[in-house]
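In this text, all values refer to a predicted model and were calculated from it rather than measured experimentally. Below, read A as the first sequence line, B as the second, and so on, with proteins coming before strands; counting in each chain starts at 1.
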There are 2 protein chains.
Amino acid sequence: MSEIKRRDVLLPTPAPKGRGLLPDLLGYNLRRAQVALFQDFAAATAEHDVTPGQFGVLVPIDATPGLNQTELGDAMGVDRSTVVAAIDRLQKRNLVERRPVPGDRRSHALHLTAQGQQLLTRMVPAVRAHETQFSGHLTEAERRQLIALLKKLAG
Amino acid sequence: MSEIKRRDVLLPTPAPKGRGLLPDLLGYNLRRAQVALFQDFAAATAEHDVTPGQFGVLVPIDATPGLNQTELGDAMGVDRSTVVAAIDRLQKRNLVERRPVPGDRRSHALHLTAQGQQLLTRMVPAVRAHETQFSGHLTEAERRQLIALLKKLAG
DNA sequence: TATTGTTATACTCTATAACTATA
DNA sequence: TATAGTTATAGAGTATAACAATA
């Protein structure tokens, strides 16, 4: 009876009432692509027990060790209060640590712990494999161009 | 003192330890673009009191009236149980209704209410304006190509 | 047996507002 | 006054597992 799979069917019939253009919106397609990718990512990295969102926190800390929570929030586009909870979770798992900043006792310098660095290192092969597998419908040139366009849009 | 804005700075310093390629991953850039777009969308449509996620539920119901909850979940890439809560919220606000399906008493046919249709109609101008504004750094050709690549990726 | 919807449960992600400590 | 972090609070979004009704 032809099972319907997620990636097969989205909007089976033409839209009525002249609103058929909405599914061609950037945000709509961006969101759908991101949801699909996150699910595949989560499945591909399940053994490491890190959500895509948590991975998205570890990466900028690894790339810019010592940044503070406000800077991390700015880099991620989320509020300072959101960062607190995210770092709490990662600190509880001993992946990230808050270090005092010599010149400013209000601020915390964020660093990956040795364990956090090891985790990221261990995850890299799975992450790369996922990247290759998930972008399987794109040529390498298309994949690069997609990333370039996304950067132009958001960064 | 040069305030740092979200769209200005992401990864201020080159990544150490040979992991600098991670920020070039598809998922990382997809997520960042989507977060930025959703926030701008939310701000641009704040008066309508609909989250980007809720908008993303209303659109496929409008495009495919009468679909059931399992089909909606498949279309959105989320679990059936997630759909229940999402529809509950929209039904409570009288934007969506569950109708009985003649041939199958297990199933609910989803439809926008008159109020839901009016809301969507009223939102369209703001949504289009947001689309134009947000993709301001892209040419129209680039915007179209980005959407084409996203469709190729996710559905 | 299989499918549709639901509930119970738990966790992540998010923001606003008010607060403390520090600058 | 302004900034960094925190807490309290609230809500959205998500999944898994178990269940009832129906097919």
Side-chain angles (χ1 to χ4, degrees), chain A residues 1-4 6 31-32 34-43 46 49-58 66-74 76-93 95-96 98-110, chain B residues 1-4 6 31-32 34-43 46 49-58 66-74 76-93 95-96 98-110:
Chain A
M1 56 146 270
S2 84
E3 185 196 37
I4 295 174
R6 174 165 53 82
R31 177 173 173 277
R32 289 180 27 73
Q34 195 255 312
V35 166
L37 189 142
F38 264 36
Q39 287 177 345
D40 274 29
F41 181 100
D49 199 29
V50 171
T51 68
Q54 288 166 344
F55 183 77
V57 172
L58 297 177
L67 85 173
N68 70 25
Q69 298 183 188
T70 298
E71 288 164 351
L72 177 59
D74 288 342
M76 294 177 60
V78 301
D79 192 83
R80 297 196 307 280
S81 63
T82 301
V83 173
V84 174
I87 297 300
D88 282 352
R89 283 188 285 269
L90 293 171
Q91 192 174 43
K92 202 174 301 176
R93 293 182 53 187
L95 298 175
V96 167
R98 290 165 160 110
R99 293 189 197 159
V101 174
D104 188 341
R105 292 201 295 170
R106 295 171 304 179
S107 199
H108 293 158
L110 299 175
Chain B
M1 58 148 268
S2 83
E3 185 195 38
I4 294 174
R6 174 165 52 84
R31 177 173 173 277
R32 289 182 25 72
Q34 195 254 311
V35 166
L37 189 142
F38 263 35
Q39 287 177 344
D40 275 28
F41 181 100
D49 199 30
V50 172
T51 68
Q54 288 166 345
F55 182 78
V57 173
L58 296 177
L67 84 175
N68 71 25
Q69 297 182 190
T70 298
E71 288 164 351
L72 177 59
D74 288 342
M76 294 176 60
V78 300
D79 193 81
R80 298 197 307 279
S81 63
T82 301
V83 174
V84 174
I87 297 300
D88 281 352
R89 283 187 284 269
L90 294 171
Q91 192 174 43
K92 202 174 300 176
R93 293 182 52 188
L95 298 175
V96 167
R98 291 167 161 110
R99 294 189 196 159
V101 173
D104 189 341
R105 290 202 296 173
R106 295 172 305 180
S107 198
H108 291 158
L110 299 175

A.B. asks: Whole-Å distance between dG13(D) P and Arg31(B) CZ?
C.D. replies: 16 Å
A.B. asks: Which distance, rounded to the nearest 0.5 Å, do you find between the OG of Ser107(B) and the CZ of Arg98(B)?
C.D. replies: 11.5 Å
A.B. asks: Between atom CZ in Arg99(A) and atom P in dG5(D), what is the gap in whole Å?
C.D. replies: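 From Arg99(A) CZ to dG5(D) P: 15 Å.
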A.B. asks: Check whether any side-chain heavy atom of Leu90(B) sits under 4.5 Å from a side-chain heavy atom of Gln54(B), and report yes or no.
C.D. replies: yes
A.B. asks: When the distance from CG of Leu90(B) to P of dA12(D) is rounded to whole Å, what number comes out?
C.D. replies: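 Whole-Å distance recorded here is 10 Å.
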A.B. asks: Tell me which of Asp104(A) and Gly53(A) sits closer to the 5' end of DNA chain C, going by the nucleotide each one is nearest to.
C.D. replies: Gly53(A)
A.B. asks: By the 4.0 Å heavy-atom rule, please label Thr82(A) as base, sugar-phosphate, or nothing.
C.D. replies: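 Base: the residue Thr82(A), judged by heavy atoms under 4.0 Å, touches a nucleobase.
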A.B. asks: In whole angstrom, what separates Arg106(A)'s CZ from dT22(C)'s P?
C.D. replies: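 Value for this atom pair: 10 Å.
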A.B. asks: So, does Thr51(A) get its side chain near the phosphate of dC13(C), meaning an N or O under 4.0 Å from OP1 or OP2?
C.D. replies: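 So the side-chain polar atoms of Thr51(A) do come within 4.0 Å of the phosphate oxygens OP1 or OP2 of dC13(C), strictly under.
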A.B. asks: Would you say dG5(C) has OP1 or OP2 under 4.0 Å from some side-chain N or O of Ser107(B)?
C.D. replies: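 Result: yes.
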A.B. asks: Scan nucleotides 6-11 of chain C nucleotide by nucleotide, 5' to 3', and note B when protein non-hydrogen atoms come under 4.0 Å of the base, S if they reach only the sugar-phosphate, - if neither.
C.D. replies: BB----
A.B. asks: Gln39(A) CD to dG13(D) P: how many Å, rounded?
C.D. replies: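 About 15 Å, once rounded to whole Å.
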A.B. asks: In Å and rounded to the nearest 0.5 Å, what is the OG1 to CZ distance from Thr70(B) to Arg106(B)?
C.D. replies: 9.0 Å
A.B. asks: Take the protein atom CZ of Phe41(B) and the nucleotide atom P of dT14(C), then report the distance between them rounded to whole Å.
C.D. replies: 18 Å
A.B. asks: Using a distance-only criterion (donor-acceptor N/O pair, under 3.5 Å, no hydrogens), is the base of dT22(C) paired with the side chain of Arg105(A)?
C.D. replies: no
A.B. asks: So, do Leu72(A) and Ile87(A) sit near enough that their side-chain heavy atoms are less than 4.5 Å apart?
C.D. replies: yes
A.B. asks: Phe38(A) CZ to dA15(D) P: how many Å, rounded?
C.D. replies: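 Rounding to the nearest Å, CZ of Phe38(A) and P of dA15(D) are 13 Å apart.
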A.B. asks: Let me know, please, whether Gly103(B) or Ala85(A) comes out on the 5' side of the other along DNA chain D by nearest nucleotide.
C.D. replies: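 Upstream on the strand: Ala85(A).
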A.B. asks: Using 0.5 Å steps for rounding, measure from the CD atom of Gln69(B) to the CG atom of Leu67(B).
C.D. replies: 9.0 Å
A.B. asks: So does Asn68(A) get a backbone contact from the side chain of Glu71(A), meaning a donor-acceptor N/O pair under 3.5 Å?
C.D. replies: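 Side chain of Glu71(A) to backbone of Asn68(A), a donor-acceptor pair under 3.5 Å: yes, one is there.
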A.B. asks: Looking at CZ of Phe55(B) and CZ of Arg31(A), how far apart are the two atoms once the value is rounded to the nearest 0.5 Å?
C.D. replies: 11.0 Å
A.B. asks: Take the protein atom CD1 of Ile87(B) and the nucleotide atom C1' of dG5(C), then report the distance between them rounded to whole Å.
C.D. replies: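 Atom CD1 in Ile87(B) sits about 12 Å away from atom C1' in dG5(C).
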